[in-house]
Enquirer: 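Okay, handing you the structure first.
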Amino acid sequence: MTYRVVVAASGRGSNLLALGDALARRPEEAAIVAVLSDRDAPALELARQRGWPAIRLLTPAEPLEMTSALRACRADLLVLAGYLRLIPSEVVQEWQGRIINIHPSLLPRHGGVGMYGRRVHAAVLAAGDTTSGATVHLVDEVFDRGEILAQGTVPVRAEDSPESLAARVLEVEHRLLPKAVLVAAEHRRPVAFTLD
Ligand code: GRF
């Protein structure tokens, strides 16, 4: 049975698109059944263009809208792809082990409150790290803390800016997230894996 995936995104939605493209090639394995956002994000417009139900949450700090949407969609998995809000603890509890997030660093380095977008890559450069990458992990009540399922690495180059590093990491994200979802579909729950 097709694994039913809901994606939450607050931004431009490139991971959403990469996931949608990958799943479109494997429709009997997994499919995006809705896209949620806490704001009028470009990702919601992309969802409408692709024909995925697009849901703008009006009270994202409250659990009700999110749990209603997940139940109504009969979701198997919630994927956070650039979703910038903490998931209410009621949702985390009900969907324990069935929510994953992608983060643009090698967690536990450079995660936590306020660590998103350009700030993550600036922190990697400021720390002098020679390797960075992306992490897919289970979601719990604390930002970027849940069990790590997989990571993909990239080199940090001496001439990197936050933008050039972000672009290199994003390519890895676009391979890592689809694989995380396809592996989860195969096992009917998110599990650890390695990126080739
Ligand atoms: C990605 O870097 C993701 O890792 C992070 O937010 C960014 C979202 O980018 N959580 P996009 O909206 O998928 O293009």
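We count ligands from 1, going down the list as the structure has it; atoms in each ligand are counted the same way. Computed over heavy atoms, backbone and side chain alike; hydrogens, waters and symmetry mates excluded.
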Enquirer: Name the closest protein heavy atom to atom 8 (C) of ligand 1, giving the residue it belongs to and the distance to 0.1 Å.
Expert: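 Checked against all protein heavy atoms, atom 8 (C) of ligand 1 sits closest to Gly82 CA, 3.7 Å.
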Enquirer: Do you see a donor-acceptor pair shorter than 3.5 Å between the side chains of Asp160 and His121?
Expert: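 No donor-acceptor contact under 3.5 Å links the two side chains.
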Enquirer: Give, for atom NE2 of His174 and atom CG of Leu16, the distance between the pair rounded to the nearest 0.5 Å.
Expert: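 The CG atom of Leu16 is 10.0 Å from NE2 of His174, to the nearest 0.5 Å.
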Enquirer: Mark up the atoms of ligand 1 that fall under 4.0 Å of a heavy atom belonging to Pro104, in ascending order.
Expert: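 So the atoms of ligand 1 that pass are 2 (O), 4 (O), 5 (C).
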Enquirer: Check this for me, if you would: do Asp38 and Arg56 make a salt bridge, where the nitrogen-to-carboxylate-oxygen distance has to be below 4.0 angstrom?
Expert: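 Result for this pair is no, no salt bridge flagged.
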Enquirer: Does Lys179 come within less than 4.0 Å of Glu186, counting only side-chain N to carboxylate O?
Expert: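 Judged by the 4.0 Å cut-off on N to carboxylate O distance, Lys179 and Glu186 do not form a salt bridge.
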Enquirer: Under 3.5 Å between some N or O of ligand 1 and some N or O of Ser14?
Expert: yes
Enquirer: Among all protein heavy atoms, pick out the one at the shortest distance from atom 9 (O) of ligand 1; state its residue, atom name and that distance to 0.1 Å.
Expert: Arg12 NH2, 3.5 Å
Enquirer: Closer than 4.0 angstrom: is that true for some heavy atom of Gly13 and an atom of ligand 1?
Expert: yes
Enquirer: With a 4.0 Å cut-off on N to O distance, would you call Asp21 and Arg50 a salt bridge?
Expert: yes
Enquirer: Report yes or no: is the cationic atom of Arg145 (NZ for Lys, CZ for Arg) closer than 6.0 Å to the six-membered ring centre of Phe143, at no more than 45° off its axis?
Expert: no
Enquirer: Against heavy atoms of Glu173, which atoms of ligand 1 measure under 4.0 Å?
Expert: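 In order of numbering, the contacting atoms are 1 (C), 2 (O), 3 (C), 4 (O).
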Enquirer: What I want to know is whether Ile102 and ligand 1 share at least one N or O pair that is separated by under 3.5 angstrom.
Expert: yes
